[in-house]
Visitor: 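The structure's right below; bear with me while I get my questions together.
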Amino acid sequence: MKSTDFIVARNDLQQCKIAETQLPDAAVLPDDALLIKIDRFAFTANNITYAVLGDQLKYWQLFPAPENFGSIPVWGFGEVIASRHPGIATGERLFGYFPMATHLVIEAADVSKRWLRDAAAHRQGVSPVYNAYARVSGDPAFAGRQGDYQALLRPLFMLSFLVDDFLSVNEFFGAHSVLLSSASSKTAFGLAHLLHTLRKDIRVIGLTSAANSDFVRSLGCYDDVVTYDRVTSLPSDQSVALVDMAGNSELRAKLHRHFGDRMKYSGLIGLTHRSSSPDEPELPGAKPTWFFAPDQIRKRAKEWGPGGVDARFGVAWSGFAPMLDRWLKVVEGRGPDGVKQVYLDTLNGRVPPDQGHILSLAK
Ligand SMILES: NC(=O)c1ccc[n+]([C@@H]2O[C@H](COP(=O)([O-])OP(=O)(O)OC[C@H]3O[C@@H](n4cnc5c(N)ncnc54)[C@H](OP(=O)(O)O)[C@@H]3O)[C@@H](O)[C@H]2O)c1
């Protein structure tokens, strides 16, 4: 049996192709190995960022590909179709990090009631969240449309949740408004939703492109929506915190220069615009710094104790998930051509923000 893999050229993301990998026979799988059929996975701009940072953050290392090519990690669901682990039965459904492929072999370890881990040597050296699989058979929160929302948004909303917590613990660094770039992105509107519902005295301002401004306005979780060409029309006498999903150096410089010392916090989160310059000049106001989610999780896990992060995240998710029926249309794509189309559309910024793509490489 072979796995069908969708791979991209590491130094030119516009180039992509299908490759086939021979899978081991179920009868000769090593001890504790699982052969997983990957059923469906989500694809958003976040996955493009994994590719952009593939070397720097070791994402390419997770799912090996032929030389000069990479397999982009995606969040999705798989079914165990052969198991050499005594605690895992065939037919089990897993949620986690997969390659864009039809199959994956993992080495199951640390198996508990809810989780297991891939102990494959090449997957170590990255944050443990990328090697953990949730055992979700029969869990209605991970089935059907709710499952699609989990694949599309759970990893993004974790970031939204952590940034909301970080800003509020730090009393918004004295700012009265939060500016979110790429306000139409799922990560941004998750954060806007939390700020809007939980932090009533903070103004939430979405910065977006003209084409996406109607969508951002329609969400109802931004107090104000400003297109990129009009950001200097914002009153510069108010203190602001910037949460930057776009990673656009020119936009960031314009905002820092406009607000000067009133730019109280400048957090780098994403790279949707893929136009960040390697040598950015010193800017007025707070120094731009990467927000590193694993650090914030570790800090809160220590302070909140076992299960504390999950319990609080669960409460936040249960307030957010019901909004998605209104905010998002799930669009399904199948087979190599369907996957290629969504990949190139996402890479080139052609996906309308109200769409959430769920893909499968199976024909
Ligand atoms: N640091 C972390 O741990 C972490 C965690 C989660 C997400 N993130 C990052 O947050 C960002 C948003 O991810 P997402 O999955 O939520 O995005 P998404 O929902 O797919 O966002 C799509 C939006 O991004 C902008 N965009 C996308 N591709 C573009 C292109 N080629 N050219 C110009 N604009 C483009 C557009 O917004 P506008 O028109 O509004 O600009 C578009 O509506 C990603 O960079 C992701 O990696 C980081």
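Note that the structure is a prediction, hence the values are computed from the model and not measured. Whatever order the structure lists ligands and atoms in, that order sets their numbers, starting from 1.
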Visitor: Which residues pass the side-chain contact (heavy atoms from CB on, under 4.5 Å) test with Q124, not counting sequence neighbours?
Guide: R117, N131
Visitor: With heavy-atom distances below 4.0 Å as the criterion, list the atoms of ligand 1 near N348.
Guide: 31 (N)
Visitor: Just to confirm my output: which protein heavy-atom neighbour is closest to atom 17 (O) of ligand 1, and how far is it?
Guide: A45 CB, 3.4 Å
Visitor: Quick one: sort the H193 and F320 rings into parallel, tilted or perpendicular, breaks at 30° and 60°.
Guide: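 H193 vs F320 ring planes: tilted.
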Visitor: Mind checking whether M158 has a heavy atom under 4.0 Å from ligand 1?
Guide: no
Visitor: Of all the atoms in ligand 1, which lie at a distance below 4.0 Å from a heavy atom belonging to Y228?
Guide: 38 (P), 40 (O), 41 (O)
Visitor: Judging by distance only, is a nitrogen or oxygen of L347 under 3.5 angstrom from one on ligand 1?
Guide: yes
Visitor: Test Y50 against Y97 for ring pair (Phe, Tyr, Trp, His ring centres under 6.0 Å), laying out the working first.
Guide: CA-CA 12 Å; Y50 290 147; Y97 219 39; 5.6 Å; yes
Visitor: Nearest protein heavy atom to atom 48 (C) of ligand 1, by residue and atom, and its distance?
Guide: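 Heavy-atom neighbour on the protein nearest atom 48 (C) of ligand 1: I269 O, 3.1 Å.
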Visitor: Determine, using the 4.5 Å side-chain heavy-atom cutoff (strictly less than), whether L191 and L271 are members of one ILVMFWY cluster.
Guide: no
Visitor: If you have a sec, work out which protein heavy atom is nearest atom 26 (N) of ligand 1 and how many Å separate them, to one decimal?
Guide: T272 CB, 3.7 Å
Visitor: Residues in ring pair (Phe, Tyr, Trp, His ring centres under 6.0 Å) with H357, at least two apart?
Guide: none
Visitor: Which protein heavy atom lies closest to atom 8 (N) of ligand 1, and at what distance to 0.1 Å?
Guide: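 Here the nearest protein heavy atom works out to N46 OD1, 3.7 Å.
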Visitor: Out of F98, W75, F142, which one pairs with Y133 under the ring pair (Phe, Tyr, Trp, His ring centres under 6.0 Å) rule?
Guide: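 For Y133, the ring pair (Phe, Tyr, Trp, His ring centres under 6.0 Å) check succeeds only for F98.
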Visitor: With a 4.0 Å cut-off on heavy atoms, is Y50 touching ligand 1?
Guide: no
Visitor: Would you say A293 and ligand 1 have an N/O pair spaced under 3.5 Å apart?
Guide: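 A293 vs ligand 1: no N/O contact under 3.5 Å.
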Visitor: Near T208, which atoms of ligand 1 are under 4.0 Å from a heavy atom of that residue?
Guide: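 Within the 4.0 Å cut-off of T208, ligand 1 contributes 38 (P), 39 (O), 40 (O).
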Visitor: Using non-hydrogen atoms of the residue, decide whether A183 is closer than 4.0 angstrom to ligand 1.
Guide: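 The answer is yes: ligand 1 sits under 4.0 Å from a heavy atom of A183.
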Visitor: Is the closest heavy-atom distance from V351 to ligand 1 below 4.0 Å?
Guide: no
Visitor: Got the closest protein heavy atom to atom 37 (O) of ligand 1, with its distance?
Guide: S184 OG, 2.9 Å
Visitor: Taking the six-membered ring where the residue is Trp, are the ring centres of F313 and F157 under 6.0 Å apart?
Guide: yes
Visitor: Linking I/L/V/M/F/W/Y whenever their side-chain heavy atoms sit closer than 4.5 Å, directly or via other members, would W304 and L162 fall into one cluster?
Guide: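 In one cluster: yes.
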Visitor: Report, in ascending order of atom number, the atoms of ligand 1 lying under 4.0 Å from any heavy atom of R274.
Guide: 31 (N)
Visitor: Could you report the tightest heavy-atom contact between S213 and T227, atom names first, then the distance?
Guide: CB-CG2, 3.9 Å
Visitor: Suppose I only count heavy atoms of T49 and a 4.0 Å limit; which atoms of ligand 1 are within that range?
Guide: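 It comes down to these atoms of ligand 1: 44 (C), 45 (O), 46 (C), 47 (O).
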Visitor: Which protein heavy atom lies closest to atom 39 (O) of ligand 1, and at what distance to 0.1 Å?
Guide: S209 OG, 2.5 Å
Visitor: Hey, quick one: are L195 and L179 part of the same hydrophobic cluster, counting side-chain heavy atoms closer than 4.5 Å, chains of contacts allowed?
Guide: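 No.
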Visitor: Describe, in one word, how the ring planes of F95 and F77 are oriented to each other, choosing from parallel (under 30°), tilted (30 to 60°) and perpendicular (over 60°).
Guide: tilted
Visitor: Determine the minimum heavy-atom distance between H256 and S266, stating which atoms define it.
Guide: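 Closest approach of H256 to S266, heavy atoms only: NE2-OG, 2.9 Å.
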Visitor: Considering only the protein, which heavy-atom contact is closest to atom 15 (O) of ligand 1, and what is its distance?
Guide: T44 OG1, 2.5 Å
Visitor: To which of G270, G206, P353 does the heavy atom nearest atom 9 (C) of ligand 1 belong?
Guide: G270
Visitor: In the protein, what heavy atom is nearest to atom 33 (C) of ligand 1, and what distance, to one decimal place, separates them?
Guide: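 The closest one turns out to be H273 CD2, 3.6 Å.
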Visitor: N/O of G349 under 3.5 Å from N/O of ligand 1, yes or no?
Guide: yes
